[in-house]
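Below you'll find the structure, written out as structure tokens, and then a few comments.
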Amino acid sequence: MIWNDEFETLPREAIESLQAKRLRQVVERVNATVPFYRESFEKAGISPFQINTLDDLKRLPFTLKQDMRDNYPYGLFSVPLEQIVRIHASSGTTGKPTVVGYTRRDIEMWAELMARCFGAAGVHQGDIIQNAYGYGLFTGGLGAHYGAERLGASVIPMSGGQTKKQLMLLQDFGSTVLTCTPSYCLFLAEAAREEGIDIVNLPLRVGIHGAEPWSEQMRGEIEEKLGIKAIDIYGLSEILGPGVGIECIEAQHGLHLWEDHFIPEIINPDTGEVLPHGEKGELVITTITKEGIPLIRYRTRDITRIIPEPCICGRTHVRLERMSGRSDDMMIIRGVNVFPSQIESVLFKIEGVEPHYQLVVNREDNLDTLEVQVEVNEVTFSDEIKELQSLSRRIQKDIKEILGVSCQVKLVEPKTIARSEGKAKRVIDLRDQA
Amino acid sequence: MKVQQISIFIENKAGRLAEVTRVLGESGVNIRALSLADTSDFGILRLIVDKIDAAQEILKSGGFTVNKTDVVAVEVPDRPLGLYSILETLDRGRINVEYMYAFAEHDGANAVIIFRFDDPDAAVDLLRKTGIHMLDGEAVYNM
Amino acid sequence: MNFSEGRLRVFDPRHECIDRGQLERLQLERLQQVVHRVQKNVPCYQNKFREAGVDAREIRNLSDLSRLPFTTKDDLRQNYPYDMFAVPMKEVVRIHSSSGTTGKPTVVGYTRSDLHTWTDLVARFMTAAGVHDEDIVHIAFGYGLFTGAFGLHYGAERIGASVIPMSGGNTEKQLMILQDYKSTALVCTPSYALTLADRMEQAGMNPRDLSLEVGLFGAEPWSEQMRVEIEERLGIVATDNYGLSEVMGPGVAGECLYKCGMHIAEDHFIAETIDPDTGDVLPPGSKGELVITTLTKEGIPLIRYRTRDITRIHQEICECGRTLARMEKTMGRSDDMLIIKGVNVFPTQIEEVLFKVEGCQPHYQLIVDREDNRDSLEVQVEVQECIFFDEMRQQREFVQSVEGELATMLGVSAKVKLVEPNSIPRHEGKAQRVIDRRNKDL
């Protein structure tokens with residue numbers, strides 16, 4: 001179903017002239033209201049009046065995650081705080097999260113775009129949507145929630161975790177749509193099998209999965225094990241949250257990015273140069289309607305390419321290929337952004353823990369796992385099991401508190417973690433080795 | 001070749017161990033070997049005694065929770081690498097040790113190690129084939 | 001009293017300051033409508049009315065309400081999940097649930113108009129508690145099936161405040177955000193407010209240095225003494241509010257800044273107090289069990305729902321100008337439900353979990369305590385042969401799986417402690433199920 005027939009099928013020229021007009025407006029707006037942009041434009045020697053066509057976009061400087069951190073918390077907001085009705089945040093390397101603010105109109109726009117996404121995924125008003133994305137500062141839960149409400153479907157705000165309860169609801173409440181990370185979806189399928197639940201024959205029809213990279217192979221597995229259509233969705237909290245783009249159920253190939261609100265570019269991550277249509281590189285997004293915190297040429301660090309061919313579904317908005325990786329060292333574990341340096345800072349605070357550690361990321365039963373291996377020294381070693389247990393529990397708890405992901409802690413003997421010259425290999429990612 | 005061991009659930013609080021030994025002692029049960037595994041809340045006391053059935057009976061009526069488990073008693077020569085040779089054999093045979101504890105024989109010549117294996121039958125088989133000396137139940141109970 | 005003008009507003013003066021005669025006419029009209037509606041659409045009510053020998057047409061004035069039968073949590077359980085709904089599923093846009101007395105939760109459904117009413121009623125009590133559009137509202141209730149977080153979230157959004165949907169847990173991060181984002185209003189359970197203060201003091205910070213000005217606390221009972229402590233330590237004005245998910249969620253009643261009882265949204269609910277043993281209606285001002293009838297709800301209207309909360313209702317007009325009746329802080333329960341970290345827990349749920357894990361029914365006891373202002377639940381289980389293993393690993397796996405099941409079913413974490421047989425005291429052969437060591441002053 002096409003939710004917004006007028007905008008989703010806008011002819012190419014109309015999209016582009018709308019984009020050009022909105023681009024001019026947003027550039028003027030940030031120049032007038034956000035000191036960071038005024039300075040960065042000045043430094044780049046460009047005035048907003050020089051931005052007239054879409055082609056001029058590449059003359060503007062990039063915005064980085066670091067810029068958001070430097071302007072923490074509210075420095076990049078382009079409206080006074082009274083006009084902000086919602087604040088979200090995502091995790092960052094330093095422990096200070098990246099903050100985003102939404103005006104009432106931003107919230108409306110977000111709900112509208114998420115409703116479009118649900119429509120593209122074949123969801124309609126009569127559906128019962130079990131929303132298993134985590135609610136809170138993370139944008140996933142509330143983003144999907146408002147979109148589903150806009151659509152008029154019945155929303156079950158289940159939030160993440162509580163696998164057994166999720167399964168109980170899938171059966172008892174007759175949910176027809178499930179929104180969660182792809183790995184959690186497979187984990188549910190596995191848990192259902194163990195509990196003897198025939199998940200294929202439940203009313204569940206569509207799964208909408210995002211917040212972490214996944215493969216075609218994983219889609220095949222989800223569709224087979226749950227007996228559903230699995231749809232990839234894209235978004236990041238700096239830009240909006242979920243709903244920046246989605247696959248249509250007709251093609252299930254490429255994520256339509258809502259071009260009346262965002263301008264995508266693909267660049268060479270090393271040189272910053274814009275790549276021709278169809279070439280693989282880093283996705284850069286400019287928000288052209290956001291009021292709370294508009295971003296100019298935001299470097300997403302996600303690697304993808306633009307699919308140039310028009311789509312069979314009739315939507316005219318450009319499609320992005322599945323994200324195939326990240327251009328920095330961030331790990332995405334169960335949809336949560338984790339930087340090795342965050343874990344390091346947790347370990348440093350605990351007395352007697354050696355600064356030698358290793359992170360092993362794996363996927364067991366389709367659920368991401370994180371194992372933190374820590375070397376024990378004379379101070380931490382104790383012959384009483386309970387002492388050691390309480391040490392690993394403490395590490396576990398602190399990591400959970402600060403990063404929001406649970407992990408296994410394995411205490412290992414001194415000198416057992418391989419050291420290489422210079423930079424230690426901190427992360428072993430065993431996922432997707434197939 | 002298996003030896004029976006009793007295990008007892010005890011809370012981690014003062015006087016509980018003493019209570020177990022008092023109950024057993026007053027009924028004339030002799031303890032041959034013991035090991036205690038502890039956590040912050042509770043412990044599992046494992047005992048080899050001379051009168052298994054009587055001990056189980058007495059402890060149960062004394063209000064304790066008691067289980068019987070099969071373990072294997074292995075004689076280990078008192079020399080360097082004595083234990084290693086046994087563990088190495090087990091490792092090569094892919095037998096897992098769940099837990100173990102040791103005590104010395106009366107004459108002090110050899111040590112006896114009590115093993116709990118994930119697969120006791122396979123372990124006994126392997127040890128026998130390798131010529132490692134095991135003690136049977138009677139031998140241990142009457143030590 | 002000394003409040004800035006901005007914090008002394010009335011969100012909906014037409015209804016909040018309504019004349020009692022006019023209010024009662026409105027209530028009667030709405031009562032007649034809802035009783036007709038449930039009699040027509042909800043089989044459970046058709047049966048109940050038939051059994052009680054009453055018909056919707058016989059409700060001619062408000063005093064006729066007492067002729068209608070009660071609705072209980074058990075009715076919701078028997079009609080699990082959707083059979084109490086008074087509208088078709090396609091009109092339901094939101095589903096919430098709360099703890100049931102067994103493993104199956106209690107389910108509630110909202111139509112679009114229900115959400116609208118709910119949002120308005122929350123905006124109403126939040127405004128009464130001093131929240132306005134320039135506030136930054138930090139919501140530390142857990143988001144999810146529980147109604148607390150969503151109720152306050154939508155209400156604050158309606159007022160036009162900036163909402164920080166923090167959700168529960170993660171105390172260190174909560175503090176960082178309270179400081180860095182300069183939140184001015186705090187929403188959580190009262191005990192969690194004190195936990196936040198404790199943590200700050202431990203870290204050598206003064207909680208009064210935060211930008212917080214008001215705190216809206218609910219989801220668990222708390223005392224006047226606790227209010228004084230919170231206000232003193234955090235340097236804020238702390239108000240109480242009341243609601244339960246079966247009836248709607250938060251927004252059923254809330255305090256104004258005069259803090260003399262929670263104004264009940266009487267244009268949407270009729271509140272009665274009854275003698276929990278006989279079911280007789282008590283005169284205003286007497287202590288009894290609160291019974292609520294929803295007047296405007298479409299998704300799942302409830303007639304004379306027994307909340308099991310004990311309170312008193314006062315009709316004298318409040319200094320703030322609101323004419324709506326006020327209920328006192330709840331003073332206990334007429335059943336064995338416990339409220340732990342704001343989550344409702346029934347001892348029968350724990351029995352189910354223990355049976356599920358190893359198939360036996362050991363004796364158990366719940367120890368509820370509050371340490372450093374945090375509720376803790378310990379489940380002591382007497383070890384018997386079926387749950388005793390000689391390997392530590394298995395023994396610990398057993399404890400972990402019970403803890404895991406409990407967390408899933410209760411939605412609150414519990415520590416399982418294995419104890420020796422017969423160590424839980426018995427009364428006439430039955431073990432005492434619950435020992436609650438919190439708030440002896442309540």
Side-chain angles (χ1 to χ4, degrees), chain A residues 72-74 80-89 91 95-97 99 101-102 104 107 124-131 134-139 141-142 145 148-149 151-166 168-169 172-175 385 389 398 400-402 404, chain C residues 80-82 88-97 103-105 107 109-110 112 115 133-140 142-147 149-150 153 156-173 176-177 180-183 392 396 404-405 407-409 411:
Chain A
Y72 175 85
Y74 299 139
L81 215 48
E82 299 95 87
Q83 290 179 34
I84 296 291
V85 300
R86 180 88 62 77
I87 290 167
H88 278 284
S91 49
K96 291 287 184 193
V99 184
Y102 300 74
R104 203 178 280 282
I107 294 286
H124 48 76
Q125 199 203 336
D127 276 309
I128 300 174
I129 301 177
Q130 182 163 331
N131 188 11
Y135 284 76
L137 287 179
F138 168 62
T139 48
L142 283 165
H145 180 97
E149 195 165 283
L151 187 74
S154 311
V155 186
I156 307 173
M158 178 60 210
S159 198
Q162 298 204 64
T163 303
K164 285 186 179 160
K165 193 154 194 175
Q166 302 268 9
M168 180 174 88
L169 263 54
D172 295 354
F173 290 21
S175 317
I385 308 171
Q389 280 167 355
D398 287 4
K400 171 89 189 168
E401 281 233 330
I402 291 166
Chain C
Y80 175 85
Y82 299 141
M89 203 55 198
K90 70 172 194 303
E91 287 177 37
V92 171
V93 297
R94 178 88 63 76
I95 292 168
H96 277 287
S97 76
K104 296 291 182 192
V107 185
Y110 301 75
R112 207 174 272 286
L115 287 188
D133 59 353
E134 290 184 20
D135 276 309
I136 299 176
V137 182
H138 180 108
I139 299 180
Y143 280 70
L145 290 177
F146 168 60
T147 49
F150 280 102
H153 176 100
E157 191 168 284
R158 169 68 49 90
I159 291 174
S162 311
V163 180
I164 302 179
M166 182 63 212
S167 200
N170 220 331
T171 303
E172 225 169 284
K173 192 164 182 183
M176 178 178 82
I177 283 171
D180 294 354
Y181 297 17
K182 303 180 176 58
S183 318
M392 195 51 94
R396 287 164 38 124
E405 287 282 344
T408 299
M409 189 172 285

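Only the side chain of A:Y72 has a heavy atom closer than 4.5 Å to any heavy atom of chain C. With a 4.5 angstrom heavy-atom cutoff, A:F173 touches chain C via backbone and side-chain atoms both. Neither the backbone nor the side chain of C:I139 comes within contact range of chain A; no heavy atoms are under 4.5 Å apart. Looking at C:Y110, there are no atoms closer than 4.5 Å to chain A (heavy atoms on both sides), in backbone or side chain. C:E405 touches chain A through its side chain: at least one heavy atom from C-beta onward sits under 4.5 Å away, while N, CA, C and O do not. Proximity to chain A (any heavy atom under 4.5 Å) is shown, for C:Y181, by both the backbone and the side chain. In this structure, chain A has no heavy atom under 4.5 Å from any part of C:F146. With a 4.5 Å cut-off on non-hydrogen atoms, C:V137 does not touch chain A at all. Looking at C:A407, only its backbone comes within 4.5 Å of chain A, counting heavy atoms on both sides. Using a 4.5 Å cut-off between heavy atoms, A:I129 makes no contact with chain C at all.
Here C:E134 is the residue among C:M409, C:K182, C:K90, C:E134 with the most heavy-atom pairs under 4.5 Å with chain A. For the set A:K165, A:E149, A:M158, the count of heavy-atom pairs under 4.5 angstrom toward chain C peaks at A:E149. Chosen from A:G404, A:G134, A:G152, the residue pairing most often with chain C at heavy-atom distances under 4.5 Å is A:G152. Comparing C:I159, C:D135, C:V107 by heavy-atom pairs within less than 4.5 Å of chain A, the highest count is held by C:V107.
No donor-acceptor pair closer than 3.5 Å links the side chain of A:Y135 to the backbone N or O of C:S167. When atom types are taken as modelled, the side chain of C:T408 and the backbone of A:Q162 share no donor-acceptor pair closer than 3.5 angstrom. A donor-acceptor pair under 3.5 Å is formed between the side chain of A:R104 and the backbone N or O of C:E157. Between the C:Y143 side chain and the A:S159 main chain, no donor and acceptor come within less than 3.5 Å of each other.
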message: One pair to check against side-chain contact (heavy atoms from CB on, under 4.5 Å): C:N170 and A:K400. What are the steps and the verdict?
response: CA-CA 8 Å; C:N170 220 331; A:K400 171 89 189 168; over 6 Å; no
task: Assess whether side-chain contact (heavy atoms from CB on, under 4.5 Å) is satisfied between A:H145 and C:R94, documenting all intermediate values.
output: CA-CA 10 Å; A:H145 180 97; C:R94 178 88 63 76; 3.2 Å; yes
message: Test side-chain contact (heavy atoms from CB on, under 4.5 Å) on C:V93 and A:S154; report intermediate values, then the result.
response: CA-CA 4 Å; C:V93 297; A:S154 311; 5.9 Å; no
- request: Run the numbers on C:Y82 and A:D172 for side-chain contact (heavy atoms from CB on, under 4.5 Å), then give the verdict.
  value: CA-CA 9 Å; C:Y82 299 141; A:D172 295 354; over 6 Å; no
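With values rounded to the nearest 0.5 angstrom, C:I95 atom CD1 is found 9.5 Å from A:Q130 atom CD. Separating the CG atom in A:L169 from the OG atom in C:S97 is a distance of 6.5 Å, to the nearest 0.5 Å.
What you find for C:R112 and A:L151 is that their closest heavy atoms are NH2-C, 4.5 Å. A:P157 and C:H96 make their closest contact through CG-CE1, 3.5 Å (heavy atoms, listed as atom of the first residue, atom of the second, distance).
Residues A:L137 and C:K173 have side chains in contact (heavy-atom distance under 4.5 Å, counting atoms from C-beta outward). Two residues are said to be in side-chain contact when any heavy atoms from C-beta on lie closer than 4.5 Å; A:L81 and C:I136 meet this criterion. For the pair A:E82/C:D133, no side-chain contact is recorded, criterion being any heavy-atom separation below 4.5 Å from C-beta on. For the pair C:S162/A:V85, no side-chain contact is recorded, criterion being any heavy-atom separation below 4.5 Å from C-beta on. Using a 4.5 Å heavy-atom cutoff, the side chains of C:H153 and A:L142 are in contact.
Remark: C:H138 engages no residue in a ring pair (Phe, Tyr, Trp, His ring centres under 6.0 Å) (not counting sequence neighbours).
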